[in-house]
Structure formats: C-alpha cells, structure tokens
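Scroll down for the structure; my scribbles are underneath it.
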Amino acid sequence: MLVADAAWASLTGALSGGVVLLAFALALGAGPLVVGLLAAIPFLTQVFQLPALALVERVRQRKRIGVIGLTIARALILLLALLPFMPVGDGRQLALLITAHLLISALGSIASCAINSWFHQLLPPDVLGVFFARRLLLATALACVGTLAAGLLVDHLPFGNPLHAYAIAFAAAGIAGFASSFYLARSPEPQMHDAGPPASLVQRLRVPLQDANFRSLLVLLGAWNLASNLAAPFLTVYLLQQLGYSLTVVTTLWVTSQLANALTLLVWGRVSDRLSNKAVLVVALPAYFACMAGLVFTRVGEPYGLQLALLYLLHVVMGAASGGIALATGNLGLKLAPQGQGTAYLAAIGLICAFAGGLAPLAGGAIAQWFELSQLSVVVRWVSPMREDEVSLLRFSHMEFLFALSALLGLYVLHALSRVREGDEVSERQVVQELALEALRTVNHLSSVGGLLGSLVSFERLSERRMFSRLRRKPPAS
C-alpha cells in the first residue's frame with residue numbers, strides 16, 4: 001500500500017509541481033522574486049507542523065489526519081485546472097496560483113507531521129534503506145513519465161491555447177492524488193506509543209535540541225537546505241529563459257536526472273544499510289556541489305555544440321547524488337530519533353528545514369534580481385603584430401552567480417556533516433568500493449558483461465588484501 005501511495009503521489013507532484021509549476025508561473029509572467037516565493041512556500045509552511053504536532057498528540061489518529069489533509073490538498077490541485085481559462089494579464093491568475101500553492105503546502109505539512117510519526121513507528125530501522133529505495137524507485141519512474149508527458153503536451157498541444165495544456169496536467173494530477181490517498185488509507189497504523197506525561201509544545205521541542213548529536217544533525221540539515229535551495233529552484237528558469245531551451249528539453253533534462261536517481265537508489269540503500277547513512281553523504285554531498293559549480297562552466301561548450309551534452313552529464317551526476325542525499329538524510333532523522341519521541345524529533349527536523357529552505361529561495365530570488373543585468377568575465381587576450389584575439393575563459397551572469405554561491409556554501413555543509421555521529425566512521429574509499437560492488441552486482445543480473453567486469457575489477461579482493469596487510473602490521477596485544 002505504501003509503495004502504491006508513493007507512486008501515485010509522485011505522479012501528482014510531477015504534473016502539478018516542480019518544473020511544470022515553475023513553467024506555468026513563467027508563462028503567467030512571474031519574475032525571480034515570485035519564483036523564489038513559490039519555491040519558499042513549501043518550506044515556510046512547515047511551521048504548520050507545530051499545531052499539527054499538538055493535534056497528533058491530542059487526537060492520536062495519525063492516519064486519519066494524514067489522509068484527510070492530503071485529500072483536501074489534492075482537491076485544490078484539481079481546481080488549479082481552472083486557472084488557464086481565466087483572463088490573462090491582470091495578475092489574478094498568478095495571485096491565485098500563489099494562494100493555492102500556499103494552501104496545498106500547508107495541508108501537506110500538517111499531513112506529513114502525522115505520516116512521519118506513523119512511518120517512524122511502523123517501519124523497522126534495520127531495513128529503512130532498502131525499503132525507501134524501492135519505494136522511491138517506482139515513485140521516481142512515474143514522476144519521470146508524468147513530467148516528460150507534461151513538457152511534450154505544453155510544447156506540442158494540437159489545439160487551443162498552450163496554457164490549456166497546464167489545465168490538463170493539473171486535472172490529471174488531482175486524479176492521481178486521489179488514488180494516492182486511497183492506498184494510503186488502506187495502509188496499517190500501529191497503536192501510537194505513549195510519549196510520557198503530558199508536556200507543552202515548547203517542552204517537547206526542547207528535548208531534541210538538548211540531544212547533542214541530534215542537534216548536530218539539525219545543523220547539517222539546515223545548512224544543506226540553505227545551500228541547495230539557494231540555487232536549485234532557479235535551474236528551470238535558467239534553462240528556459242537564460243539559455244533559451246524549450247520545456248521539452250528542460251523536462252528531458254529533469255527526467256535524465258530522475259532516472260539517474262532511480263537507478264542508483266537501490267545501490268545507495270544497500271550501502272547505507274551495510275555501512276551507514278553518513279558514509280553515503282560523505283560521497284554524495286561533494287558530488288552534488290561539484291555539479292552545482294559545474295553549471296557555471298556549461299557556457300564553455302556552447303561554441304562547440306557541447307553545452308547540452310554537459311548539461312545532461314551534470315544532471316546525471318546531480319540526480320544520482322541527490323538520491324543518496326535524500327535517502328541518507330531521511331534515514332538519519334528516523335534512526336537518531338528515539339522510539340516513542342519520533343513526532344517531536346521529526347517535527348524539529350521539519351522546522352529547521354522549513355526555516356533554512358524557506359529563507360534560501362527568497363534570498364536567491366533577491367540575489368538573482370540584483371544580478372539580472374550584471375556579468376563577470378575572465379578574459380585572456382592575445383596580441384601580436386599579425387592579429388589580436390580574446391578568449392573568455394569564464395563568464396558569470398544572472399543565475400550563474402547563484403550556482404557559484406551555492407557551491408561555496410556546500411563547503412560548510414561538509415563541515416557540518418563531520419560533526420554528526422552515527423556509529424563507526426567509514427572512509428570515502430570504502431564507500432566508493434561498496435558503490436562499485438553494488439553496481440557490478442546489478443550489471444551481473446542484467447548483462448553477461450557483468451561477470452567479465454567483476455573479474456577484471458575485484459574490489460572485494462583489493463579490500464581483503466588491505467585488511468590482511470593491516471592485520472599483519474598490527475602489533476600483538478600485550
């Protein structure tokens with residue numbers, strides 16, 4: 001039931017949020033500040049987890065709260081299909097879109113508070129990695145289909161106003177959302193644990209803040225949401241407006257990223273269960289921020305027809321890395337929260353992520369507005385008696401300033417990661433070896449080439465030899 005719920009919910013999000021929502025807002029005339037506001041709303045509305053926390057503790061019926069909240073939100077998504085038929089140009093469409101997005105996000109926040117506590121108790125911690133990887137795998141596949149279909153529909157609508165394609169997408173999203181609510185309602189809910197004697201909301205939220213290791217996790221999650229959401233929401237705007245690609249191309253880039261995400265989720269899940277979630281982040285976070293910095297240099301390939309190829313490559317790596325980051329950070333929150341106190345601990349995560357994730361796109365929109373007409377270039381000039389040439393090695397303009405700043409903030413995210421404790425520390429080399437082993441095992445199941453690759457690159461044997469040599473060098477115990 002939970003896998004089916006995630007699949008239909010992902011289709012709802014693909015057809016009514018993300019690339020499709022931002023493209024619709026741009027078609028209505030939204031600027032960087034409005035884009036930043038739309039991206040910030042899902043985070044800012046996490047503040048509704050505070051009353052939701054009290055509601056869950058009082059009513060103690062998490063499934064009912066979650067299902068009712070999500071179903072109302074999906075009814076509002078269905079009503080978004082009416083917006084493209086309203087008069088264009090007076091700003092009412094954009095205002096109603098922002099209002100509806102605010103209400104949908106607030107209801108989703110209330111529902112997620114109940115659902116997170118429900119899942120925290122329902123799912124055993126030793127299989128979280130593989131379970132969520134499989135759940136996200138199907139969800140990502142359907143999200144790819146939905147987003148690509150929406151992009152093709154908008155660019156190639158055979159009849160009527162192109163805005164009417166968004167009406168079709170929103171209507172389909174609402175119907176898929178109702179299917180998700182149906183499967184979620186059929187999932188089992190264990191009896192809620194007694195969290196101890198009654199306490200005020202402030203007292204409950206104070207407990208996770210007094211936990212030193214969990215406080216380090218909160219700093220990490222806040223830094224990650226700030227650094228990533230400063231630039232990520234504007235990637236669609238960058239591709240559509242600054243680079244001039246069609247929505248079909250932008251959705252194929254998004255689908256490429258999500259496919260890379262889906263194909264590596266099971267690998268990340270097995271590695272997180274075998275080693276640790278922190279070990280996954282040690283590799284995935286640097287890869288993500290390296291790609292964010294790489295977006296600044298995609299213009300280098302433009303004169304040679306390589307720009308789109310570079311964008312596809314960066315989206316593949318970012319998709320794979322973000323899958324590992326989402327899986328590991330989610331599992332860390334569930335793992336480090338004590339049983340019986342999951343609601344308060346996970347609500348604290350939601351509030352920290354809400355503050356950082358909400359502030360980031362608002363700041364990013366203001367920065368993008370400020371840098372809209374600015375440009376920074378690094379130029380090499382060659383002067384000789386015969387000729388004079390100039391080559392632009394690096395050029396920052398508009399959104400590219402955000403990507404560079406996001407990559408710089410990523411350095412602090414890595415520092416915050418080093419302060420989180422999850423058990424035995426694991427080196428980056430060991431994580432890479434485990435990733436390679438899992439990839440080879442996958443190839444072995446899919447192709448006859450896998451056996452040959454496994455014999456040529458035996459990471460297990462290399463690891464065993466290093467371990468054996470270290471044991472031989474280790475002095476005997478006294």
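All residue numbers in this chain count up from 1 along the given sequence. Because the structure is predicted, anything quoted here is derived from the model rather than measured. Basis for what follows: all heavy atoms, side chains included, without hydrogens, waters or symmetry-related copies.
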### Message
For a 4.5 angstrom cut-off between non-hydrogen side-chain atoms, does Leu163 reach Leu83?
### Response
no

#### Entry: With sequence neighbours excluded, residues passing ring pair (Phe, Tyr, Trp, His ring centres under 6.0 Å) with His156
none

### Query
Considering only heavy atoms from C-beta outward, does the side chain of Leu351 approach that of Leu218 to under 4.5 Å?
no

## Note on the structure
When rounded to the nearest 0.5 Å, the distance separating CG of Leu96 from CG of Leu79 is 11.0 Å

### Message
Can you tell me which residue among Thr298, Val250, Leu306 is in a side chain to side chain contact (heavy atoms under 4.5 Å, CB included) with Leu311?
### Response
Thr298

### Message
Quick check for you: to the nearest 0.5 Å, what is the distance between Leu97 atom CG and Ile104 atom CD1?
### Response
8.5 Å

### Closest heavy-atom pair and its distance - Pro233, Ser228
CD-O, 4.3 Å

### Query
Val255 and Cys144: which non-hydrogen atoms are nearest, and at how many Å?
CG2-O, 3.3 Å

### Summary
For Val280 and Gly324, the nearest pair of non-hydrogen atoms, with its separation, is CG1-O, 3.6 Å

### Message
Working to the nearest 0.5 angstrom, can you tell me the gap between Leu28 CG and Gln93 CD?
### Response
5.0 Å

### Message
Taking the ring of Phe403 and the ring of Phe234, is the distance between their centroids below 6.0 Å?
### Response
no

### Query
Looking only at heavy atoms, what is the nearest atom pair of Ser16 and Ile77, with distance?
CB-CG2, 3.8 Å

### Task
Go through the structure and list residues passing ring pair (Phe, Tyr, Trp, His ring centres under 6.0 Å) with Tyr288, not counting sequence neighbours.
Trp224

### Query
If we only count heavy atoms from C-beta on, is the Arg419 to Leu220 side-chain gap below 4.5 Å?
no

### Query
Distance only, no hydrogens: is a donor on one side chain within 3.5 Å (strictly under) of an acceptor on the other, for Thr71 and Ser181?
yes

#### Entry: Sequence-distant partners of Ser180, side chain to side chain donor-acceptor pair (under 3.5 Å), two or more places apart
Asp5, Arg74

### Message
Taking side chain to side chain contact (heavy atoms under 4.5 Å, CB included) as the criterion, tell me which of Leu80, Leu78, Leu76, Thr12 meets it with Phe170.
### Response
Leu80

#### Entry: Nearest non-hydrogen partners of Ala231 and Leu402, listed with the distance
CB-O, 3.7 Å

### Query
If every non-hydrogen atom of Met399 is compared with every non-hydrogen atom of Gln242, which pair is closest and at what distance?
N-OE1, 3.3 Å

### Query
Is it true that atom CZ of Phe178 has more than 12 heavy atoms of other residues, nucleotides or ligands lying nearer than 6.0 Å?
yes

### Message
Quiz question: by atom type and distance under 3.5 Å, do the side chains of Gln307 and Tyr312 form a donor-acceptor pair?
### Response
no

### Query
Are side-chain heavy atoms of Leu281 and Thr329 found at a separation under 4.5 Å?
yes

### Leu409 side, atom CG; Phe289 side, atom CZ - distance, nearest 0.5 Å
7.5 Å

### Query
Under a 4.5 Å cut-off applied to non-hydrogen side-chain atoms, are Tyr245 and Leu308 in contact?
yes

